[in-house]
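A note on names: the letters A, B, ... follow the listed sequences, proteins ahead of strands, and every chain is numbered from 1.
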Amino acid sequence: MLKVEGYTFDRAKREAVEAVQAALGEPAELTTALPPAEVDADLAIPCFPLAAQRRKSPPEIAGELARSVRPGPLLAGAQAAGGYLNFTLARPAFAAGVMADLIRGGDRYGTSEVGAGRTVVIDYSAPNVARQMSVGHLRSTIIGAALVNLHRHTGYRPVGDNHLGDWGTQFGTLLYAYAHWLDREAYERDPIAELLRLYVMFDEEARKDPALRERAREWSLKLERGDPEARTLWQEFVRHSLVEFQKTYDLLEVRFDHTLGESFYEDKMEEVISQARQNGVATTDGGAVIIRLDDAGITTPLILQRSDGATLYATRDLATAVYRIRTFRPAKILYVVGSDQRLHFRQLFEALKKLGHGDVEYVHVDFGLVRLPEGRMSTRRGRVVFLQEVLEEAIDRARALVDEKNPELPEAERREVARIVGVGAIKYADLSQNRVKNIVFDWDRMLALDGDSAPYLQYTYVRARGIIRKGGDVALDVPFDGRAAASAQEWALIKHLARFPDAVHEATRAYYPHVVANHLFQLAQLFHAFYQEIPVLQAEDNGLRWSRQQLVWGVATVMRTGLGLLGIRVPERMYSRFPVPGIGHGAKCRV
RNA sequence: GCGCCCGUAGCUCAGUGGAUAGAGCGUUGGCCUGCGGAGCCAAAGGCCGUGGGUUCAAGUCCCGCCGGGCGCGCCA
C-alpha cells in the first residue's frame with residue numbers, strides 16, 4: 001500500500017485499518033480504497049478478502065464491523081455498504097490536521113524521508129554535439145529535470161548528469177565532410193547550421209559512394225588516436241554546440257550538476273575492457289571483444305571493442321557507470337533515454353552485474369518517441385522539428401494571448417508572463433501524459449493554452465494569489481475553523497490537498513511525473529469550482545474568512561510546489577487588478 | 001522470423017486488482033452588479049482491439065490472435 005507516513009491522510013488510513021483489526025481481534029491484510037463520488041463516505045475498506053475464511057458474506061462482515069469498530073480521532077463513523085466498510089472522516093479534525101501539515105511544510109509540503117539520503121544519479125538530456133536539439137530531446141531533458149526535483153523532494157540526493165553525445169564515429173563523418181565540403185562563410189555565420197548541412201550532405205554522398213563510409217571511419221579512428229588536426233576541429237564543434245545548447249537550457253531553465261560527455265571517458269575505457277577480459281566476462285570473437293549475455297536471456301552480445309580496435313557507445317556507457325559508482329556512490333542510476341534503446345540498457349545492466357556492480361539499482365526510465373504525422377523524425381532527411389523553434393513559437397503564441405487578454409499589464413511583465421506560460425505549456429504537454437507512450441508531434445496540441453494545460457494551472461495559482469493579496473496577510477497561526485470544511489467544494493479541496501504527498505511519492509517511485517501533473521490538474525478543477533461558489537473575503541464572519549484564506553493559501557502553495565517539481569514556474573499575475581477600460585477584445589463591458 | 005512496448009468516448013489522454021470507467025479538446029445548451037470569464041454548470045458521446053484463463057472481484061494480472069510502434073554483433 002502506498003504510504004507517506006506522518007501526513008494526516010496516511011494517519012487516517014491507518015486509523016481505519018487499525019480500527020478494523022481491533023474489531024476483528026486479529027491482524028489482517030487490509031487495503032484501503034477511495035469510495036466513488038456518489039457514495040457519501042471518505043475512505044473504504046473492502047471486506048471481500050475477509051469473507052472466505054470466516055464463512056460469511058462480505059456484506060455480513062461489513063455490517064458487523066460497522067457496528068463494532070471504534071473509530072479513531074480522525075474518523076467520524078463507519079457504515080456498511082454492500083461488501084464495503086465505509087468510513088466518514090471527522091471533518092474538523094481532519095481539515096485542521098491537513099492545514100497544519102501544509103502550514104508547517106510550506107514549500108516543503110509533500111517531502112518525505114523515503115530516499116533516506118541515498119544518492120541517485122540521473123542521466124538525462126544527452127543531446128548529440130554538432131546538431132540542434134530536436135523536439136525529441138525535450139522529453140529526456142524535461143522528464144529528467146522533473147525526476148531530479150522529485151527525488152530531492154522525497155529525501156534522495158540527486159546528481160544530474162548531462163551525458164553529451166560528443167564522441168564516436170559520427171565525428172568521423174563530420175570531419176571528412178568538413179575537410180571536403182565546408183562553406184567557411186556559412187560556418188562562421190552559424191556553425192551548427194553548417195555542420196548540420198555537412199552531416200546531411202555526407203549521408204547523401206555516401207549513398208552514392210559507399211567508400212566514403214570507410215574514409216569517415218578512418219577519420220574517427222584518427223580522432224580517437226589523438227590526431228592534432230582532428231582534435232582541434234572536434235573541440236571547436238563541441239564548443240559551438242555547448243553555446244547553442246545553453247540557449248535552450250536557459251529558456252527551459254534546466255540545469256545539471258555535471259556535464260560529462262562521452263569523451264570524458266576516453267581514458268577510462270581501457271581499464272574496463274582489460275578487466276572484463278581478465279576475469280573472463282569478455283571474450284574475443286572475430287577480432288572484436290564482446291560480452292555474451294545468453295545466460296541472461298539476451299542473445300545479442302554487448303560489443304566492447306570493434307575488430308579495428310575502436311570503442312563503442314556501449315563501452316563508454318560501461319566506463320561511465322563504473323566512474324559514477326566510484327565517484328558518487330549511488331544507490332541507483334537512472335537513464336532517462338528513449339524506449340528505442342531498451343535492448344542497449346538491458347545489455348548494459350547485465351554486463352554491469354557480471355562485472356561485479358550488481359549492488360547498484362539500474363533503471364532505464366524509457367519514454368516513447370516523438371514522431372511526425374508523416375513518420376519518424378530524421379535529421380538526415382531534414383524531417384525534423386527543432387526544439388528551439390518550438391519554444392519560440394510557444395512563447396509567441398502565449399504573448400499573443402497575453403496581449404489580447406491582459407493589455408493593461410506593463411510590457412516587461414507581459415514578456416515575462418508569455419515566457420513562463422509558453423515554456424510551461426510545452427513542458428506540461430509532455431509531463432502530463434504517461435511517458436511510455438509515443439507522441440505524434442502536433443503544434444496545436446503541444447502548444448495548447450486552454451483545457452488541461454499549464455496556463456490553466458498557472459491561472460489557478462494566480463487567482464488564489466489574487467485573493468490572498470487582496471485580503472492582506474493570511475493569518476496562518478489561527479486554528480482552522482471546521483466550518484470551512486463544511487461545503488462539498490471546501491471538503492473536496494481539503495481531501496485533495498491531503499493526498500498531494502502520496503502523489504509526489506508515487507510519481508517518484510514509478511518515475512512517473514504525470515502523476516503529479518494529474519493531481520495538480522484535479523486540484524485546479526476543484527479550486528475553480530470552489531472559487532465559483534464559495535465567498536472567501538466576503539465570508540459571513542472573520543473566523544470563516546480566515547480559514548478559507550488559509551485554504552486558498554494552501555492551494556496556491558501546493559500548486560506552486562507541484563508545478564515547481566515539474567520544472568514549471570508560476571507568474572504572480574496574469575492580469576492587472578485595475579483594468580484599463582475599453583482596451584482588448586476580452587474586456588467586455590466590465591468597466 | 002524472434003523479442004519488447006502500446007491499443008479506453010469523434011480526437012488526445014487519466015484510470016494503486018475493488019462500487020454505476022473519468023478528464024481535456026470538439027459539438028450542443030446555460031452562467032458576467034461579487035475574489036477578473038485564460039473561468040464555472042449541464043447534455044450528448046464507451047462491447048475498455050479481440051478470444052480464452054486466474055480471482056470473491058479484471059480496463060488493470062496470465063496466454064493466444066489482430067492492429068500500430070520500436071529493436072535484433074562491431075551506429076549512437
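- Not a single side chain to side chain donor-acceptor pair (under 3.5 Å) links Tyr456(A) to another residue, sequence neighbours left out.
- Considering only residues two or more places apart in sequence or on other chains, Pro501(A) meets the side-chain contact (heavy atoms from CB on, under 4.5 Å) condition with Val4(A), Tyr7(A), Tyr109(A).
- Residue pairs meeting the salt bridge (Lys or Arg N to Asp or Glu O under 4.0 Å) criterion with at least one member in residues 440-462 of chain A, sequence neighbours excluded, are Arg397(A)-Asp444(A), Asp442(A)-Arg445(A).
- Contacts between residues 416-430 of chain A and RNA chain B, counted as heavy-atom distances below 4.0 Å, involve no residue at all.
- The side chain to side chain donor-acceptor pair (under 3.5 Å) check on Arg207(A) picks up Asp203(A), with sequence neighbours excluded.
- Pairs passing the ring-ring contact (aromatic ring centres under 6.0 Å, His included) check and including a residue from residues 283-305 of chain A, sequence neighbours excluded, do not occur.
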Contact list (N/O, under 3.5 angstrom) for nucleotides 28-30 of chain B vs protein:
none

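- Under the rule for a side-chain contact (heavy atoms from CB on, under 4.5 Å), the partners of Glu64(A) that lie at least two apart in sequence or sit in another chain are Lys56(A), Arg67(A).
- Evaluation of the side-chain contact (heavy atoms from CB on, under 4.5 Å) rule for Gln347(A) yields Leu293(A), Ile298(A), Thr300(A), Leu302(A), Leu343(A) as partners, not counting sequence neighbours.
- For Glu29(A), there are no side-chain contact (heavy atoms from CB on, under 4.5 Å) partners at least two apart in sequence or on another chain.
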Taking N or O atoms only and anything under 3.5 Å, show me the protein contacts with nucleotides 6-12 of chain B, one pair per line.
unit_1, atom_1, unit_2, atom_2, d
rG7(B), OP1, Lys437(A), NZ, 3.2

- Dot-bracket encoding per residue of RNA chain B, Watson-Crick/G-U cut-off under 3.5 Å, | denoting interstrand: (((((((..((((....[...)))).(((((.......))))).....(((((..]....))))))))))))....

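- Distances shorter than 4.0 Å separate none of the side-chain N or O atoms of Gln525(A) from OP1 or OP2 on rG39(B).
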